[in-house]
Amino acid sequence: VFIRRSGDVIPEVLGVAECGEAAQDIHIPDRCPACGLAVVEKGAHLFCDNPLVCRPQLTRAVVHFASRDAMNIETFSDKTVEAFFENLFINDVSDLYYLDYEKIVKLERFGEKKVHNLKTAIEASKQRPLSAFIYALGIPGIGSKTAKDLADKYQSVDQLMQADLPGLIDIDGIGDTLARNIIAFFADERARSIIARLLAAGVNPVYAQSAKQSNTPFSGKKVVLTGTLSRYTRKEAGALIEAAGGEVVSAVSKVTDFVLAGEAAGSKLDKAQALGIQVIDEAQFEQMLQ
């Protein structure tokens, strides 16, 4: 079958290609070419389901772990991680807190100043917010917003690791599938071992509930953001809403109180108007904050 991506996002099957004698059967792999472990079929795709063992996935996991919204360890890149895999034989993200800096300084492209900065950044990352730590773990389906919601509900790594299905589903935006992903992640012995090593190395995710105002138009209100704002990123606007006592939610529903709409607002704006939900623009948003 010949498949071509047309102007639409979804691939379109156009027909059978005449390949003549050069035609060959397509071999569907049953093992990951990188780590050799069995692949899992999910819909029309095959996935290596071993993110804690597979080398390419480990590389991405370490880069994600060190990223700004996660543990915020500067100077990290794919090349740095590959160098560590090749020369320091790290196996997972917890090894970042057990590095031999005398060996690192001898590596190509690493000087004393760069190694000093790396060590300082790694030490500083031990006191990251709990929500950043949860996001850094790379739990499937967990972005920074959901990580913050998990931190607000459970307030410690230990409590989150003991979370059950009803408690997780009670969080806005977490459904049955995502809740089961979270439970499965923390039930994995390899994941639990990595978290234990991180904590033993002095990583201390801090939960600090931000002081929220209680006398603003956003107090106790659910707000959906859509479109592009001129003065704020969506993340910045969300932080202001939460500081004003509101809650940023991802989907428009009957319980939504406001929709903050910027340029090129899409279907969320249409749904809000259909449901009669109050829509505010950026100027109104700033007035309400004041």
Side-chain angles (χ1 to χ4, degrees), residues 51-52 58 61-74 76 90-99 120-214 219-220 222 235 238-250:
L52 299 174
L58 276 172
V62 175
V63 172
H64 169 78
F65 183 86
S67 63
R68 179 178 298 179
D69 289 339
M71 301 304 279
N72 194 26
I73 303 174
E74 296 181 359
F76 255 85
I90 66 173
N91 295 306
D92 56 62
V93 296
S94 67
D95 285 335
L96 297 179
Y97 296 91
Y98 297 88
L99 294 172
T120 300
I122 289 176
E123 286 299 313
S125 74
K126 292 181 178 180
Q127 302 298 321
R128 289 288 287 162
L130 176 60
S131 58
F133 178 80
I134 295 170
Y135 175 63
L137 292 175
I139 304 168
I142 300 298
S144 55
K145 169 64 171 64
T146 306
K148 185 179 183 303
D149 292 339
L150 290 169
D152 286 339
K153 182 176 179 68
Y154 293 102
Q155 302 186 9
S156 75
V157 176
D158 184 61
Q159 289 298 314
L160 175 58
M161 292 176 71
Q162 299 178 49
D164 58 16
L165 194 63
L168 289 167
I169 292 177
D170 190 52
I171 299 173
D172 182 65
I174 296 183
D176 184 81
T177 300
L178 183 53
R180 292 182 187 279
N181 283 347
I182 296 169
I183 292 172
F185 180 88
F186 287 115
D188 187 284
E189 286 301 320
R190 175 76 169 159
R192 296 178 72 88
S193 173
I194 289 171
I195 293 170
R197 287 193 81 224
L198 288 168
L199 301 180
V203 176
N204 180 33
V206 179
Y207 176 72
Q209 188 171 14
S210 59
K212 295 182 179 181
Q213 301 179 51
S214 58
S219 300
K222 296 182 184 295
K235 187 174 181 179
L240 290 170
I241 291 167
E242 290 175 352
E247 178 185 359
V248 178
V249 295
S250 58

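Side chains are part of it too, since the values below use all heavy atoms of this structure and drop only hydrogens, waters and symmetry mates.
- Of all heavy-atom pairs spanning Ile169 and Ala179, the tightest one is CG1-CB, 4.0 Å.
- A salt bridge does not link Lys153 to Asp149: none of the charged side-chain nitrogens sits closer than 4.0 Å to a carboxylate oxygen.
- Considering only heavy atoms from C-beta on, Ile90 stays 4.5 Å or farther from Leu58 through its side chain.
- At distances below 3.5 Å, not a single donor-acceptor pair connects side-chain atoms of Arg192 with backbone N or O atoms of Ala187.
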### Query
Taking it one step at a time, do Ile182 and Leu150 satisfy side-chain contact (heavy atoms from CB on, under 4.5 Å)?
CA-CA 10 Å; Ile182 296 169; Leu150 290 169; 4.2 Å; yes
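- Here the shortest heavy-atom pairing between Phe185 and Pro140 reads CD1-CD, 4.3 Å.
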### Task
Check step by step if side-chain contact (heavy atoms from CB on, under 4.5 Å) holds for Lys126 and Tyr97.
CA-CA 9 Å; Lys126 292 181 178 180; Tyr97 296 91; 3.8 Å; yes
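- One distance of note links CD1 of Ile139 with CG of Leu160; it measures 6.0 Å at 0.5 Å rounding.
- Note that CG of Asp188 and CD1 of Ile183 are 14.0 Å apart. Values are rounded to the nearest 0.5 Å.
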### Message
I'd like to know whether Ile142 forms a side-chain contact (heavy atoms from CB on, under 4.5 Å) with Leu178, so could you lay out the CA-CA distance, the side-chain angles of the two residues, the decisive distance to 0.1 Å, and finally the verdict.
### Response
CA-CA 8 Å; Ile142 300 298; Leu178 183 53; 3.8 Å; yes
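- Residue Ala147 comes nearest to Ser131 through the heavy atom pair CB-O, 3.4 Å, listed as atom of the first residue, atom of the second, then distance.
- One finds the CZ atom of Arg128 at 12.0 Å from the CZ atom of Phe133 (value rounded to the nearest 0.5 Å).
- Around the CD atom of Glu74, the shell of radius 6.0 Å holds no more than 12 heavy atoms that belong to other residues, nucleotides or ligands.
- Side-chain N/O atoms of Ser156 and Asp158 include no donor and acceptor closer than 3.5 Å.
- Of the charged side-chain nitrogens involved, none lies within less than 4.0 Å of a carboxylate oxygen, so that Lys222 and Asp172 do not count as a salt-bridged pair.
- For the atom pair CG of Asn72 and CD1 of Ile122, the computed distance is 12.0 Å after rounding to the nearest 0.5 Å.
- In this structure a side-chain-to-backbone donor-acceptor pair under 3.5 Å is present from Ser67 to His64.
- For the atom pair OG (Ser193) and CG (Asp92), the distance works out to 7.5 Å, reported to the nearest 0.5 Å.
- In plain terms, the two heavy atoms of Leu168 and Tyr154 that are nearest each other are N-OH, 3.5 Å.
- The CD atom of Gln159 sits 13.0 Å away from atom OH of Tyr207, with the distance rounded to the nearest 0.5 Å.
- A pairwise comparison of heavy atoms in Pro205 and Leu199 identifies CD-CD2, 4.0 Å as the closest pair.
- Side-chain contact between Val203 and Met71: present, with at least one pair of heavy atoms (C-beta onward) separated by less than 4.5 Å.
- In terms of heavy-atom proximity, Tyr135 sits nearest to Asp69 at CD2-O, 3.6 Å.
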#### Entry: CA sep, side-chain torsions, deciding dist, call: Leu165, Asp176, side-chain contact (heavy atoms from CB on, under 4.5 Å)
CA-CA 8 Å; Leu165 194 63; Asp176 184 81; 3.8 Å; yes
